[in-house]
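Inspection log for the structure reproduced underneath, given as structure tokens.
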Amino acid sequence: MASRPAELVRSAASAAARSLAPLQKGQQTRAVILAAALAQASRTGLEGLSIGALADITGMSKSGVFAHFGSREELQIAVVGEYHARFEQEVFFPALRHPRGLQRLRVLFERWLRQVSVELESGCIYISGAVEFDDRPGPVRDALVTMVKAWHAALQKAIELARDEGHLVVDTDVEQLLFELHGLVLSLHHDARFLRSSGALERAHRGFERVLQSSLTPLGAELYRTATMTRSRPRRKAP
């Protein structure tokens, strides 16, 4: 009987095949392999990627899988890129629909927390990849660093915009605030995934409030208070 992780990897590959039907066959095959590889890497790490296992999961030959990526290293880099693209779709782009300033920053962070929460059973490529490649120079590490820095740059820009909109004080230490927000996410991942602490997500939300308090202007404090009241207000039942 197939193990649960293997079933989930096969399910990801099957879903990719259905959603990518309009693509040309070569593109579709590559996308299916990449979806299966991402699902596998999320559970076993980038170093756990196996051409042979992907061939079994996708029903292809090893040479067929190899032909689409050229090497295991190229496959790992492609997985990093795919993870980053999906991360942007789930976290970054939806936040851009909100007004620049404190509201956008809050949504960015909340969606980041939500993404980490969804990944607790599978694992975060950014975090697991940092553990695997922190002391291993090379193209895979470079790809991971590039993607994480791109996300940090986007979050830093959101903090700067909140300051420029008058929601954070003008002397806000942007890099320090970014550092502390990232630290909250790492703590959430550690306590929820490793320690199985049920209250980790709520503590991360409270941590965000505490981190912001020293930097909020009166306008920012009012905006944050209004947003908090709106989120906590119970929804009215449909008649």
Side-chain angles (χ1 to χ4, degrees), residues 9 12-13 16 20 23 26-27 29-55 57-58 62-96 108-109 111-113 115-116 118-120 122-160 174-190 193-194:
V9 173
L20 296 164
L23 295 178
Q27 293 175 307
T29 301
R30 189 180 192 279
V32 168
I33 297 171
L34 195 53
L38 178 56
Q40 185 184 51
S42 295
R43 294 185 171 277
T44 64
L46 290 166
E47 281 295 274
L49 282 174
S50 164
I51 296 291
L54 289 175
I57 291 167
T58 58
K62 289 184 181 180
S63 60
V65 174
F66 189 82
H68 284 276
F69 294 95
S71 69
R72 182 166 172 269
E73 185 176 83
E74 288 184 22
L75 174 62
Q76 290 172 322
I77 293 171
V79 166
V80 172
E82 179 68 11
Y83 178 83
H84 183 72
R86 295 188 183 197
F87 184 90
E88 286 185 324
Q89 290 295 329
E90 293 296 326
V91 178
F92 178 66
F93 292 127
L96 293 183
L108 274 174
F109 187 76
R111 292 192 72 89
W112 193 9
L113 291 185
Q115 184 70 13
V116 172
V118 168
E119 294 173 338
L120 286 178
S122 59
C124 171
I125 295 294
Y126 287 159
I127 296 175
S128 63
V131 173
E132 290 181 286
F133 291 91
D134 61 345
D135 59 351
R136 296 177 56 187
V140 180
R141 186 185 190 281
D142 292 345
L144 278 164
V145 169
T146 297
M147 300 306 177
V148 172
K149 283 187 173 180
W151 165 236
H152 279 193
L155 195 58
Q156 180 171 326
K157 181 64 175 178
I159 296 171
E160 291 170 346
V174 175
E175 291 187 2
Q176 181 64 30
L177 185 51
L178 172 62
F179 181 88
E180 293 180 21
L181 293 183
H182 192 193
L184 288 171
V185 171
L186 293 178
S187 293
L188 168 61
H189 188 272
H190 177 274
R193 182 171 166 81
F194 180 60

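- Interatomic distance, CG of L188 versus CG of L120, reported as 6.5 Å (0.5 Å rounding).
- Here the closest non-hydrogen pair linking A36 and T58 is CB-CG2, 4.1 Å.
- The closest donor-acceptor contact from the side chain of R141 to the backbone of D135 lies at 3.5 Å or more, if one exists at all.
- Using a 30° and 60° split on the angle between ring planes, F194 and H190 fall in the tilted class, from 30° to 60°.
- Surrounding CZ of F93 are more than 12 heavy atoms belonging to other residues, nucleotides or ligands, all under 6.0 Å away.
- Taking CZ of F87 as the reference point, atom CZ of F92 lies at 10.5 Å (rounded to 0.5 Å).
- Residues L186 and H182 meet the side-chain proximity criterion, which asks for heavy atoms closer than 4.5 Å.
- Of all heavy-atom pairs spanning C124 and H189, the tightest one is N-NE2, 4.0 Å.
- Here the straight-line distance linking atom CD of Q40 with atom CG of L54 works out to 4.5 Å at 0.5 Å rounding.
- Applying the side chain to side chain contact (heavy atoms under 4.5 Å, CB included) test to E90 and every residue at least two apart in sequence or in another chain returns R111, Q115.
- The environment of E175 atom CD is sparse: at most 12 non-hydrogen atoms of other residues, nucleotides or ligands sit within 6.0 angstrom.
- The backbone N or O of L34 lies less than 3.5 Å from no partner atom in the side chain of E82, so there is not a single donor-acceptor pair.
- Between L144 and I125, the closest side-chain pair of non-hydrogen atoms falls below 4.5 Å.
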Worksheet item: Are E132 and V140 close enough, and set up right, to give a side-chain contact (heavy atoms from CB on, under 4.5 Å), and what steps lead you there?
Response: CA-CA 10 Å; E132 290 181 286; V140 180; over 6 Å; no

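- Rounded to the nearest 0.5 angstrom, E88 CD and M147 CE are separated by 8.5 Å.
- The shortest heavy-atom contact between A158 and L108 is CB-CD1, 3.4 Å.
- A donor and an acceptor atom, one from each side chain of Y126 and E119, are nowhere located under 3.5 Å apart.
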Worksheet item: Are F69 and R30 close enough, and set up right, to give a side-chain contact (heavy atoms from CB on, under 4.5 Å), and what steps lead you there?
Response: CA-CA 8 Å; F69 294 95; R30 189 180 192 279; 3.5 Å; yes

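- Side chains of L49 and T44 form no contact here, defined as non-hydrogen atoms less than 4.5 Å apart.
- Residues L184 and F109 are in side-chain contact: their nearest non-hydrogen atoms beyond the backbone lie under 4.5 Å apart.
- The line from CD of Q156 to CG of L181 is 11.5 Å long, rounded to the nearest 0.5 Å.
- For the salt bridge (charged side-chain N to carboxylate O under 4.0 Å, His left out) test, residues two or more places apart in sequence or in another chain that qualify with E47 are R72, R136.
- Contact detail for L46 and G129: the closest heavy-atom pair is CD1-CA, 4.5 Å.
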